[in-house]
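These numbers were taken from a predicted model, which means no experiment stands behind them.
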Amino acid sequence: RANVAFQPTTLTRFALDGGWQSQKNAPEIYSAGASAQLSNLLRSGVSVSARFSYFGNARAGGHYPAIDAARSFGGMVYVTLGAGTYIYRTATPATTQANPWERLRLDLNLARRFYLSSTVENFHGDTMRFVRGFVDLGWRF
């Protein structure tokens with residue numbers, strides 16, 4: 001894997017990445033992606049990030065566009081809304097599948113180094129139909 005990032009200002013960041021994987025008796029797998037992030041738009045505490053990824057091998061390929069918008073409240077509470085879709089194409093049989101999703105994430109910075117994070121994701125596509133949630137309690141050191 002390789003990654004290069006460019007941060008022209010403290011509030012903007014761009015990145016490119018790529019990867020290749022090879023195993024015996026399996027097709028080579030490759031991936032590439034590009035992302036951009038703009039932070040604290042117009043001093044509002046709102047950040048927006050977008051990503052586009054491509055992946056595949058000799059049998060299948062796909063891409064993955066996604067966007068997130070986050071808002072900081074007092075530097076202690078962060079709310080993030082995101083959406084994207086996984087789009088796959090297979091060669092044999094020739095099919096295309098789309099699996100869109102939405103995400104709501106809440107992050108709380110608790111006393112000093114402790115944090116609480118919770119995420120709910122809704123998948124509603126051709127092969128992925130479920131809602132899942134995560135809760136993390138952690139300590140930063």
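The nearest pair of heavy atoms linking F52 to P65 is CD1-CB, 4.0 Å. Between G82 and D68, the shortest heavy-atom distance links the atoms CA-OD1, 3.0 Å.
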Go through Q7 and Q37 one step at a time and tell me if the side chain to side chain contact (heavy atoms under 4.5 Å, CB included) criterion holds. CA-CA 9 Å; Q7 190 165 347; Q37 180 177 350; over 6 Å; no

Could you walk me through whether W20 and E28 pass the side chain to side chain contact (heavy atoms under 4.5 Å, CB included) check? CA-CA 7 Å; W20 172 72; E28 295 177 343; 3.3 Å; yes

For the pair N109 and R140, evaluate side chain to side chain donor-acceptor pair (under 3.5 Å) and give the outcome as yes or no after the intermediate values. CA-CA 10 Å; N109 289 320; R140 292 182 185 94; 3.2 Å; yes

Quick one: do T119 and L104 satisfy side chain to side chain contact (heavy atoms under 4.5 Å, CB included)? Show the steps, please. CA-CA 6 Å; T119 302; L104 171 62; over 6 Å; no

Can you check side chain to side chain contact (heavy atoms under 4.5 Å, CB included) on W139 and Y115, steps first, answer last? CA-CA 6 Å; W139 179 69; Y115 67 90; 5.9 Å; no

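Within a 6.0 Å sphere centred on CZ of R1, heavy atoms belonging to other residues, nucleotides or ligands number more than 12. Atom CZ of R59 has 12 or fewer heavy atoms from other residues, nucleotides or ligands within 6.0 Å. Atom CZ of R105 has 12 or fewer heavy atoms from other residues, nucleotides or ligands within 6.0 Å.
With no hydrogens or angles considered, a side-chain donor-acceptor pair links T127 and N99 at under 3.5 Å. Side-chain contact of R51 with S53: a donor-acceptor pair under 3.5 Å is present, judged by distance alone. Judged by distance alone, the side chains of D107 and S117 do bring a donor and an acceptor atom under 3.5 Å apart.
In this structure, the separation between CD on Q21 and CD1 on I29 is 4.5 Å, given to the nearest 0.5 Å. Separating the OG atom in S118 from the CZ atom in F134 is a distance of 11.5 Å, to the nearest 0.5 Å. Note that NE2 of H63 and OG1 of T85 are 8.0 Å apart. Values are rounded to the nearest 0.5 Å. With rounding to the nearest 0.5 Å, the separation of OH in Y88 from CD in Q97 is 8.5 Å. Once rounded to the nearest 0.5 Å, the distance linking OG1 of T80 with CG of L106 reads 8.5 Å. Rounding to the nearest 0.5 Å places CG of L81 at 11.0 Å from CD1 of I67.
By the rule that hydrophobic residues join a cluster once side-chain heavy atoms approach within less than 4.5 Å of another member, V120 and V135 end up as members of separate clusters. One hydrophobic cluster, built from ILVMFWY side chains closer than 4.5 Å, cannot hold both V46 and V79; they sit in different ones.
Using a 4.5 Å cut-off on side-chain heavy atoms (C-beta onward), I87 and T96 make contact. With a 4.5 Å cut-off on side-chain heavy atoms, L116 and L110 count as touching.
Between F6 and F14, the ring-plane angle classifies as parallel under the 30° and 60° cut-offs. In this pair, Y64 and Y86 present their aromatic rings parallel. The plane angle is below 30°, not in the 30 to 60° band.
A donor-acceptor pair under 3.5 Å links the side-chain atoms of N40 to the main chain of G45, judged by distance alone.
Among the candidates R132, E102, R103, R129, the single residue satisfying the side-chain contact (heavy atoms from CB on, under 4.5 Å) test with F123 is R132.
A cation-pi geometry, defined here as NZ or CZ lying under 6.0 Å from the six-membered ring centre and within 45° of its normal, holds between R71 and F73.
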